[in-house]
Amino acid sequence: MRRFQCPVCTTEVHFGNSHCGHCGAGLGYLPRHDQMQALPLGGGSPTPCANREVIGCNWLCDSGGDGGGDGDGNGGASLCLSCRHTMKIPNTADTERQNQWARLERAKRRLFYSLLKFNLPLSDSPDGTAGSLQFELLGDETRPDGAQKRVMTGHDNGRITINIDEADDVTRERNRAALGEPYRTLIGHFRHEVAHYYWDKLIAGTDRLAACRACFGDEQQDYAQSLAAHYANGPAPDWPQSFVSAYASAHPWEDFAETWAHYFHMVGGLETAQAYGLDPKSLTEPAAQASQASQTPLAWLPNPYHATDCDELIARWVPLTIAMNAMNRSMGNRDYYPFVLTPAIARKLRFIHDLIAGS
Ligand SMILES: [Zn+2]
Ligand SMILES: [Zn+2]
Ligand SMILES: [Zn+2]
């Protein structure tokens, strides 16, 4: 994530800010221009997202090339690029549900920030009606007869469903511990699930399929059986050699999605590090000397979202994660990045890098 300034007083503001903490100016983020703007805007300017007052969405509506333009029939009001892709939301009469929805949308806007930076397609058709990336943010329900209707987080034919209870910290931590996962976050869910959408768009039925199978394995093996076996028997003891997470070893689709999510973690993390001048590897490089006098630290490095060399990204990412883990331990927190990237995993990251760059 890059850094932002208040357009009125130039104080640093953050991606999620609706107001400047210093001068109080209203703020709105214009996603396609990657710009923080001060509100109110003049006539003819982009309008704030209709969800601004409802869930604190600070995005503005800009006309897009992904189709859909502004507004989607939400009572005539316009939704921003991110909110527009949410097809189902929980019952907002329930305050807790509304808060959970807000937390999910906050994480989802970070996902869309990355999708835009990578220039990934958000729909198949120019008007955005076909093959669009769609989200359903739903909670478990108790039916009138007392039966529980469970919502499964997952991807099905272009539609991503997230169980909104994951936005509850206690619930998510309980799930994390029960599944023995070292890391479980909302942004992680979005980055993982969107990978399944892009597998359908960029791999299925294309000439990339063979290379994908060579990298991640043959996805034609029975999905339900593979997952059932994973949950019944656990992963193979040597999984860390080849997979970025235990879950990635469950099926080639999950390996692809986990690796894709890690590529987003890496590039997003590196952009943030670069914006704040944090990059342990760069300090040992000769070019660092040239930048010492610069006001913008590390400005000489390429933006990670547009990097041409995946190995260079990994070479910068690993020392950064080691430093960040040490920082977290010094505060008694869990590791920032509780994963180990092996050569086999780096090869898979390179596949994702080339796929995104070539799409
Ligand atoms: Zn300000
Ligand atoms: Zn919005
Ligand atoms: Zn998955």
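Read the numbers this way: they start at 1 and go in the same order the structure lists the ligands and their atoms. These numbers come from the heavy atoms of this one structure, side chains and all, not from hydrogens, waters or symmetry mates.
Ring centroid separation for the pair F118 and Y263 comes in under the 6.0 Å cut-off. In this structure, F339 has its ring center no closer than 6.0 Å to that of H265.
Among residues two or more places apart in sequence or in another chain, the side-chain hydrogen bond (donor to acceptor under 3.5 Å, both in side chains) test is passed with R52 by none.
With a cut-off of 2.8 Å, the protein N/O/S atoms near the Zn ion (ligand 3) add up to 3. The tally of protein N/O/S atoms under 2.8 Å from the Zn ion (ligand 2) stands at 4.
Both L202 and F190 are part of a single hydrophobic cluster, where members link through side-chain heavy atoms under 4.5 Å apart.
In the model, E105 has a side-chain atom that pairs as donor or acceptor with a side-chain atom of T86 under 3.5 Å. D140 and Q148 share no side-chain donor-acceptor pair at under 3.5 Å. Checked by atom type, the side-chain pair Q134/Y197 shows no donor-acceptor distance below 3.5 Å.
Inside a sphere of radius 2.8 Å centred on the Zn ion (ligand 1), the protein N/O/S atoms present are C6 SG, C9 SG, C20 SG, C23 SG.
Note on R172 versus D169: salt bridge recorded, some NZ/NE/NH1/NH2 to OD/OE distance being below 4.0 Å. Salt-bridge annotation for R213 and E219: present, with a side-chain N of the basic residue lying under 4.0 Å from a carboxylate O of the acidic one. The pair D311-R316 does not count as a salt bridge, with every side-chain nitrogen at least 4.0 angstrom from each carboxylate oxygen.
Ring geometry, H192 versus H196: the interplanar angle exceeds 60°, so the pair is classed perpendicular (tilted spans 30 to 60°). Using bins of under 30°, 30° to 60° and over 60° for the plane-to-plane angle, the ring pair Y247/H230 lands in the perpendicular bin.
Taking the ring centre of F243 as origin, the terminal cationic atom of K348 falls inside the region bounded by 6.0 Å and 45° from the ring axis.
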